[in-house]
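Structure first, commentary second.
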Amino acid sequence: MSSAAAGSKGFGTRAVQALALVVTFFLLFAATRLTPQLRGQLGTVAGFGFLLLAGTLLSELLETIGLPHLSGYLLAGIIGGPDLLELVDHHTVEQLSPVNTLALSLIALAGGAELKLSTLREVAKSLSYAMFTQTVVVGVVMTAALFFLGRFVPFFAGLHAGPMFGIALLWGVLCITRSPSACMGILAQTRAKGPVATFALAFIMSSDIVVVVLVAVAMMLARPLISGSGGFSLHAVSELGHELLGSIAFGTTLGLALAAYLKLVGRGLLLVLLAMGFALTDFLRYVKIDATLAFLVAGFVVQNLTAQGPKLLHAIEQTGSFVFVVFFANAGAHLNVPLLQKFWPIALTLCVIRALATYVAARISSRFAGDEPMLVRWGWSSLVSQAGLALGLAITISTAFPGVGDGFRSLAIAAVAINEMIGPVLFKFALDRAGETRREEAEISRTSLLPPAQA
Amino acid sequence: VSGGIAVLLGLLVVAFVSSMLVGGRTIRGFGLPSGAEYLVLGVAVGPHGLGLVPRSTADGFEPIVVCGAAWLALVAGLGYFIVGQRRVRFVRAVTGILGAAFVGTLVAVALFLTLDALGISGGFPRLELALGAGFVGSETTRHTVRWVAERHGARGPLSDWLADMARASALVPVVGLGILFAIAPDAPLGAFAVWWRVAVTLGIGVVMGLVAAVLLGREFRRDESWGILLGTSLLAAGVATRLGLAAVATLFAMGLTLSVVSRHRLEIKFMVQPTEKPVLLPVVIVVGSCVDFDTLPQLWLLVGVALAARLVAEFMRGALLAAFLPAARAAGPRVGLGMASSGAISLALAFTFSARLPGPASSTVLLLAATGVLLGEFIGPAELRRALERAGETHAFDAASDVAPLSLPSPALQDADSELPERTVVSDFPEGR
């Protein structure tokens, strides 16, 4: 739903939406209270419908106060989720995880397809400076922050400096991750065009590769520090190399196949995307290929090596229109409110430090790269959001280091929850202030998103 | 890669192929009208055939199939009042509903008496089996009439009558299933009266239909419309299922409500209609793989009685039509046998029934639905063609031409046509959804 369309909606429309939202909540509320013993029985269907409808309606209503749609989706999930109204229970949240898989694959595919070589060349200088500065500054500052704030962190109690540093190092790397989904969600809603939007897209999508490498290296370095045994092994580096090269090779092949399909058949794209999102992701996981990277490369190949990019983006936009709503609403329902209540002081402190470090790093890199003023002022705003990628890494790390895993994961979930809620609001605010979401521009779809007939 | 994902991929491929078929002009007269070939495919790959889809995997798809069945009911509800591009006439619709109720009642009574005579089971299971068989045996698939008319170039009053009656007949099994679910002894809303449960079944659909109509009423934007339509329908289906009520009846009521109150009824119909085949065919395949041939003793006797009762009932319906309807006089009583084709709606309802009330009775109903589809495929189209020939309505137009026989626009619908979005907008809806 574009801002432009939403802007034309008057009081009557909003009143109708509010009433529909009340009916939606009431219906599921009544059903769950009438049959509490049947919790989990085909609740997935009702949960899916509720998250989709409530997310859509709440996002529309929150738009009147300038909040991004994404916040509405998240809020619908939080309110209806297991920790508040329990309209969507834990079982349903878990059952809806295939939607997350599908959404992430679509986001990666769209992210790659949005990256044009010409655009990358334009921002190459800014991008390389920013990538280096953000990685170093945020990584170092956050490592130091957790290390020195260790006495306020419950699971640090009784640990020596070595293990503490190892955990802090992992935390530093975790903080480098951004949220491609939040970035794409905001850009899809606002259809923003301009240096801030372009930079955000290019940075966040390409940082995925950097993060994958850094996590592997950090885990390799942290293992002897935390466990106190074993040494550095190059085997992990070799595995990582295989995974990266395999992902790029597979992604290239997939991209070319997809382009051929788009050119020769061009129909039934929804089902093709569904098959890719569900089955192919499962297959890639089985053969140990990074699905996100592979889809990212596939999208990039379709956009830059063939003429089918607009068609692919159009299909993803159509498919993703409701998949993304459920994805973010489910993320909201997944949010662990009790954990957030427990960890919020230290998590909030760490989030503030991370945001400051991101801002400082952006100013430094912009100065060296000679960025234009708007990018200097708002370029950092998109880098605050964190979501699924960070949570995925937290789970990987907690599994690899079971001794501190639970505590680390809990802190990560609390911090990501805060960034997940604040980041999109900040990014949309920045895009508005930078004038990249102006109404007259929003009326016109991005060229890359236009249907083939109009492109 | 898990077996479930492999099967899901297989179903997606089927849906993909069917969307391809639906998208082109080749669909006219293509394949069998009831989709019996996909049913046979399902049986072939199921545990009673090649065993490619084990029972446990098929069971895993139960929620998807139940949702698919509910979606089909929504599509049927949305298009309930419209055949091609003209409205269904009220008298014909009432005749179709009464006819279907008559056939269903006769099948149910025959089966009930047979069960009584055999002393197979008592109490609710007997009623369950008899009513279930009656409901799934009452439907005439609307695709048969259209298929025969298009394949043989039929056009005329009898064709229109039969098309309208077939469409209207869907109401009986859908509402009947709603009643059957409401009277089930283990209903979660057991504290409430049966009529109240039936009212809730339909009421949820009506309320969500109104919500969808109001939300879609202001403006009709494709991306918003899909979100609203999917959200309302899945919420309605999920809530109904949770309450132990028939989601198919709920979504049918929702579709009917939308088709009555929404000013965008035609856009919505055109939007969801292309989704019917891609949903229907995987549903039929899964249903085929779930058909159980070893449910009750003397099973084949019951199947024989049910099918014979249906044919007798159809013949009697045909006799009544020939007696009272001038357009059917030349066709004779055997025109009723042309209405013996049931299709995916019956199968989907039977599957929903067996999922909600698992046991020998509902499994038998599923088997009855499957055999009914197969028998109807052999008898229905052939008898219908002969009846239309006798009525002098075949070869009224060139079947190869683009003119659809059952789509003559009435003056009322010509007005409604002006509401249609431009062709580019219609074609812009995602394929296969």
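For the numbers below, each heavy atom of this structure counts, side chains included, while hydrogens, waters and symmetry mates do not. Order of the sequence lines fixes the chain letters, A, B, ..., with proteins taken first and strands second; residue numbering starts at 1 for each chain.
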Ring pair (Phe, Tyr, Trp, His ring centres under 6.0 Å) partners for A:Phe25, two or more places apart = A:Phe50
If you count heavy-atom pairs under 4.5 Å between each of A:Leu27, A:Leu19, A:Leu28, A:Val23 and chain B, which one has the most?
-> A:Leu27
Side chain B:Arg265, main chain B:Val260, donor-acceptor under 3.5 Å | yes
Side-chain heavy-atom pair A:Leu34, B:Phe192 within 4.5 angstrom cut-off = yes
Part of B:Ile204 lying under 4.5 Å from any heavy atom of chain A = side chain
Those residues at least two apart in sequence (or on a different chain) that pass ring pair (Phe, Tyr, Trp, His ring centres under 6.0 Å) with A:Phe295 are none
B:Val207 portion near chain A, given a 4.5 angstrom heavy-atom threshold | side chain
If one checks every heavy atom of B:Val211 against chain A at 4.5 Å, the contacting part turns out to be side chain
